[in-house]
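These notes concern the structure reproduced below.
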Amino acid sequence: VTTSALNRRRFLGRAGLLAGVGAAGGVLAACSTDAPAPPPQTVPFRSAYQAGIDTAAQDRLAFAAFDVAPGSTRADLVAMLTTWTAAAEAMTQGQPVPGSSDEQQSPPADTGEADGLAPGNLTVTVGFGPGLFDGRFGLAARRPTELAELPALPGDFLDPTRSGGDICVQACSEDPQVAFHAVRNLARLGRGTVVTRWTQLGFGRTSSTSTTQATARNLMGFKDGTRNLKVEDPGSMSRSVWVAPGDLPGSASWMAGGSYLVSRRIRMIIETWDRDVLSDQENVFGRAKASGGPLSGGDEFAAPDFHATLAGGVPAIPMDAHIRLAAPENNNGTAILRRSYSYTDGVDSRTGMLDAGLFFIAYMRSPAQFVRLQSQLGAHDALNEYIQHTSSALFACPPGVAAGNTGDYWGRALFEA
Ligand code: HEM
């Protein structure tokens, strides 16, 4: 049975099930006949850039960082990335991982938990950490100079077991089970070649990355993403997100059309925040909580006026407000594409406090952009009283897998050029 036949059978199966339910009862029948078949909800896998960067941010995240297993070779990595590419392409198009899933005497090729679920705009994005270029795989000469461990930054409180990694996978979907399924299946296919170093689930996108999206709120209750870069603006995407050929020495030209991913698990000290009065909360960000408008006045999308003052000459947007310190106007034009998610990982057993916050993900043309912003924020941000950066990682995400070249795979230009 081909994968597309399997896929068709799967969606037909779902339609058949709905029809069956409809025949069984009046109310349900009304639901089933009114409900259209689920929309395709697929994002093209192949394009110049990897999907999952300039894709309107989906609502759910499953993220994993892997280390290459001791003894694995460059050829093992190429084989794994080839298998991963085929599996990811299938899953993003709503199909199972290629291979037989109905042979009784072997494990199914696909683990099955996404069977019958719509892809929910699933994207799978891969990146390579600085460690991959350490000499184990003959890639040292191909490391872009900028792909180096991030320097120690003010406010770091990092747990090394949740930081770094040789390879990362970011899976985003509207459906949490679909996102998890993608990461789980790549981890399974990579077993023997890579070991999972750390993982993170995220719920509730906190960044709008498209002008078509309403601004979502983070766990502090503030609209997040108002002045984010938007994918509809190719000028700023080229300026601030995509690596250009001229940025790289010839030996690292494989990274042209790629983007650097910085992840930071930022814990919020929610109990302290929740006791803070509204005016203080608003001063921390420099924005009104309800409307999202800047404290210098206007609605959510009004430009902040960093020179505006209140009676007595006090700045309307405080000097240590998050948006003042992070804004491009105050950082020589530095901008990044934020693509973060809220997370909660239960209770900190030492304190009884919630371990919840923001799994910050940002894409940029150079890691120096993040370093510049976090140097400011980590040292001076009023938000620091309520947050702790507990993990950090940097990955170089290569360009997309070429359309019309079935032999292409993630990172081919790195391994084969
Ligand atoms: C838990 C941590 C954080 C929270 C809760 C948070 C929240 C927010 C909020 C509510 C805004 C205003 C709305 C908007 O324009 O998106 C904002 C803006 C921004 N944040 Fe954060 N943020 C956090 C961490 C960071 C970090 C680590 C960076 C980068 C190093 C960063 C960079 C920015 C930038 C560049 C802006 C836009 C500023 C502007 O141009 O007005 N944020 N953030």
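Atoms considered below: every heavy atom in the structure, side chains included; atoms not considered: hydrogens, waters and symmetry mates. Just follow the structure's listing: the first ligand is 1, and inside any ligand the first atom is 1. It should be emphasised that the depicted structure is a prediction, and the values quoted were computed from it without experimental measurement.
With sequence neighbours excluded, the residues that form a side-chain hydrogen bond (donor to acceptor under 3.5 Å, both in side chains) with Thr212 are Ser210. Under the salt bridge (Lys or Arg N to Asp or Glu O under 4.0 Å) criterion, Arg265 pairs with Asp345, Asp355, not counting sequence neighbours.
With respect to atom 4 (C) of ligand 1, the closest heavy atom belonging to the protein is Leu383 CD2, 3.7 Å. The protein atom (non-hydrogen) at minimum distance from atom 14 (C) of ligand 1 is Thr226 N, 3.3 Å. With hydrogens left out, the protein atom closest to atom 1 (C) of ligand 1 is Ile266 CG2, 3.5 Å, a heavy atom. Closest to atom 34 (C) of ligand 1 among all protein heavy atoms lies Ala326 CB, 3.4 Å. At the shortest separation from atom 26 (C) of ligand 1 among protein heavy atoms lies Phe360 CE1, 3.4 Å. Looking from atom 27 (C) of ligand 1 to the surrounding protein, the closest heavy atom is Gln374 OE1, 3.5 Å. Among all protein heavy atoms, the one lying closest to atom 16 (O) of ligand 1 is Gly225 N, 2.6 Å.
The proximity of Thr206 to ligand 1, defined as any non-hydrogen pair under 4.0 Å, does not occur for either the backbone or the side chain. Under 4.0 Å from ligand 1, the heavy atoms of Leu358 that appear belong solely to its side chain. At a heavy-atom distance under 4.0 Å, no atom of Arg264 approaches ligand 1. Contact annotation for Leu377 and ligand 1: only side-chain heavy atoms (C-beta onward) come within less than 4.0 Å of the ligand. In Asp224, the parts holding a heavy atom less than 4.0 Å from any atom of ligand 1 are both the side chain and the backbone.
Listed by number with element, the atoms of ligand 1 under 4.0 Å from a non-hydrogen atom of Pro328 are 40 (O). Within ligand 1, the atoms closer than 4.0 Å to a non-hydrogen atom of Ile387 are 1 (C), numbered from 1 in the order shown. Taking every heavy atom of Ile323 and a limit of under 4.0 angstrom, the matching atoms of ligand 1 come to 12 (C), 41 (O). Atom numbering of ligand 1 starts at 1 in the shown order; those under 4.0 Å from a heavy atom of Lys223 are 10 (C), 13 (C). Within ligand 1, counting atoms from 1 as listed, the ones closer than 4.0 Å to a heavy atom of Leu373 are 30 (C). Those atoms of ligand 1 that come under 4.0 Å of a heavy atom in Phe370, given as number and element, are 30 (C).
Between Trp254 and Phe133, the distance separating the two ring centers is shorter than 6.0 angstrom. A distance below 6.0 Å separates the ring centres of Phe63 and Trp198.
You'll find the side chain of Ile387 reaches within 4.5 Å of the side chain of Met220, heavy atoms only. By the 4.5 Å heavy-atom criterion applied to side chains, Phe203 and Leu201 are not counted as neighbours. You'll find the side chain of Leu158 stays beyond 4.5 Å of the side chain of Thr390, heavy atoms only.
Using a 4.0 Å heavy-atom cutoff, Pro304 is absent from the residues neighbouring ligand 1. Using a non-hydrogen distance threshold of 4.0 Å, His389 registers as a contact of ligand 1.
Side-chain atoms of Thr123 and Gln58 form a donor-acceptor pair, as typed in the model, at a separation below 3.5 Å. For Trp410 and Gln50, the side-chain atoms include at least one donor-acceptor pair closer than 3.5 Å. A donor and an acceptor atom, one from each side chain of Tyr409 and Glu89, are nowhere located under 3.5 Å apart.
Distance check, rounded to the nearest 0.5 Å: CG of Asp224 to CZ of Arg217 gives 10.5 Å.
Residue Asn218 has no N or O atom closer than 3.5 Å to an N or O atom of ligand 1.
When each of Arg227, Lys223, Glu300 is paired with Thr215, the side-chain hydrogen bond (donor to acceptor under 3.5 Å, both in side chains) condition holds for Glu300 and for no other.
Considering only non-hydrogen atoms, atom 19 (C) of ligand 1 lies nearest to Arg338 out of Arg227, Arg338, Lys289. Considering Arg287, His322, Arg267, Gln369 only, the shortest heavy-atom separation from atom 42 (N) of ligand 1 involves His322.
The number of heavy-atom neighbours closer than 6.0 Å to CE of Met319, taken from other residues, nucleotides and ligands shown, is 12 or below. Within 6.0 Å of the CZ atom in Phe157, the count of heavy atoms belonging to other residues, nucleotides or ligands does not exceed 12.
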